[in-house]
Amino acid sequence: THDNIQDVFIVLLKNAGFDDVVEEDVWWDATAAYTDEDHRRPDITCRHPVTGEKLVFDIVVWWGRGEGTHTRGGARRATAREGWKRRRYLRSMWARYMEQLGPAEAVAWAAEEENELGEEMNWDLVECPHRFIPLGFEAGGGFGQATLDFLQELVETAGEQSSADLYHWSAMVFGEHWGQRLSLVLARGQADLVLGAVAAGRNNNGGAQGRKASPEWSSTDCQPCVNL
């Protein structure tokens, strides 16, 4: 689901006229090879077609139960995960620019539990040469507030472009179309999860050899694993 959202969002950015759209941009850590699993890169980077600002996106999907929406419309759990992503990003930038750590070390430091020092950090001191935008989604279909805000910005930006790819779109139709595309990806992810659980349940009931369905969380599977 994560990768499918990433693919749709890349096409969306290009259709809206954003420049230099790159998947897992090696610029984030120029010394690392793509096969090096110890390095982490943002899901998508691009440049704003109007301001020229570099944008950095990271996608997160919440697979647990939703908890409704905030007053502005953002899904609560997806918005909370966006906040978590943003804190991780700020800590990573602090490590790189304030602690002078390398990219991989900075990411590892950012992943640690926030300690007492975390509350004393003055984030205004952190150098952020680009704009970080966490894209949060709930598997049930909800979008985080940062995601909703950027989609609105994207629709407005697309309306200012005059490329052949955009001339036939109205702002309303453009926004609705891509919102539906993203929602469809989430729905397919839920369907795949159910089908996988059913198949695993059949294997368990039939006494098949190999892995069994498990109610435990797994870092290698689409979470949550389903307890049949």
Side-chain angles (χ1 to χ4, degrees), residues 1-3 5-14 16-32 38-62 70 72-114 117-138 142-158 178 182:
T1 299
H2 172 283
D3 292 348
I5 291 174
Q6 184 179 19
D7 292 341
V8 170
F9 219 87
I10 287 172
V11 177
L12 167 57
L13 289 167
K14 291 179 178 179
F18 283 70
D19 301 319
D20 301 329
V21 180
V22 179
E23 176 182 359
E24 297 183 359
D25 196 348
V26 71
W27 149 84
W28 189 260
D29 184 1
T31 63
D38 291 333
H39 292 77
R40 300 291 183 267
R41 301 185 183 88
D43 291 315
I44 306 168
T45 61
C46 67
R47 289 201 176 275
H48 197 288
V50 177
T51 65
E53 181 182 27
K54 184 147 191 162
L55 306 180
V56 175
F57 301 92
D58 213 19
I59 299 166
V60 60
V61 181
W62 170 257
H70 293 287
R72 293 180 57 207
R76 291 182 182 275
R77 298 306 306 182
T79 300
R81 297 304 285 173
E82 288 175 340
W84 172 77
K85 279 282 187 181
R86 191 179 300 280
R87 289 192 299 274
R88 287 279 299 273
Y89 163 77
L90 287 173
R91 284 174 60 82
S92 179
M93 290 298 100
W94 181 284
R96 291 183 70 170
Y97 292 104
M98 303 299 289
E99 305 292 335
Q100 299 296 305
L101 299 180
E105 294 170 313
V107 171
W109 187 87
E112 296 175 356
E113 292 293 331
E114 296 185 15
L117 178 61
E119 298 180 357
E120 301 174 0
M121 292 177 178
N122 181 358
W123 299 119
D124 292 336
L125 299 177
V126 179
E127 179 182 354
C128 296
H130 42 263
R131 177 155 56 112
F132 178 75
I133 303 173
L135 300 174
F137 301 88
E138 292 181 3
F143 292 13
Q145 192 59 56
T147 302
L148 291 176
D149 291 344
F150 179 74
L151 287 173
Q152 180 59 40
E153 176 185 348
L154 189 145
V155 168
E156 295 171 357
T157 302
W178 289 103
L182 290 167

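Keep in mind that the numbers below use all heavy atoms, side chains included, and drop hydrogens, waters and symmetry copies.
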Pairing residues for [X] by the side-chain contact (heavy atoms from CB on, under 4.5 Å) criterion, not counting sequence neighbours:
X      : answer
Asp43  : His2, Gln6, Asp58, Ile59
Asp19  : Arg47, Pro49
Gln152 : Glu156
Thr79  : His70, Glu82, Gln145

Residue pair Ile133, Asp149: steps toward the side-chain contact (heavy atoms from CB on, under 4.5 Å) verdict: CA-CA 10 Å; Ile133 303 173; Asp149 291 344; over 6 Å; no
Value rounded to 0.5 Å, distance of CD in Glu138 from CZ in Arg76: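 Answer rounded to 0.5 Å: 10.5 Å.
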Atom pair CD/NE2 of Glu53 and His130 - distance to nearest 0.5 Å: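 With rounding to 0.5 Å, CD (Glu53) is 10.0 Å from NE2 (His130).
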Test salt bridge (charged side-chain N to carboxylate O under 4.0 Å, His left out) applied to Arg77 - qualifying residues, sequence neighbours left out: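 Salt bridge (charged side-chain N to carboxylate O under 4.0 Å, His left out) check on Arg77 returns Glu67.
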Check: Leu12 and Leu154 side chains under 4.5 Å, non-hydrogen atoms: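 Touching, per the 4.5 Å side-chain cut-off.
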Heavy-atom side-chain proximity of Thr157 to Phe18 below 4.5 angstrom: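 Side-chain contact under 4.5 Å: yes.
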Closest approach of Gly142 to Ala78 (non-hydrogen atoms, all atoms of both residues):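 Minimum heavy-atom contact is O-CB, 4.3 Å.
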Closest heavy-atom pair and its distance - Pro134, Ala146: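 What the structure gives for the nearest pair is O-CB, 3.6 Å.
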Worked verdict on Phe137 versus Thr147 for side-chain contact (heavy atoms from CB on, under 4.5 Å): CA-CA 8 Å; Phe137 301 88; Thr147 302; 3.9 Å; yes
With sequence neighbours excluded, residues passing side-chain hydrogen bond (donor to acceptor under 3.5 Å, both in side chains) with Arg86: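 Arg86 satisfies side-chain hydrogen bond (donor to acceptor under 3.5 Å, both in side chains) with no residue once adjacent residues are dropped.
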Partner set under ring-ring contact (aromatic ring centres under 6.0 Å, His included) for Phe57, not counting sequence neighbours: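 Result, ring-ring contact (aromatic ring centres under 6.0 Å, His included) vs Phe57: Phe9, Phe150.
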Passing option when Ile44 is tested against Asp7, Ile10, Val22 for side chain to side chain contact (heavy atoms under 4.5 Å, CB included):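 Of all the options given, the one that passes is Ile10.
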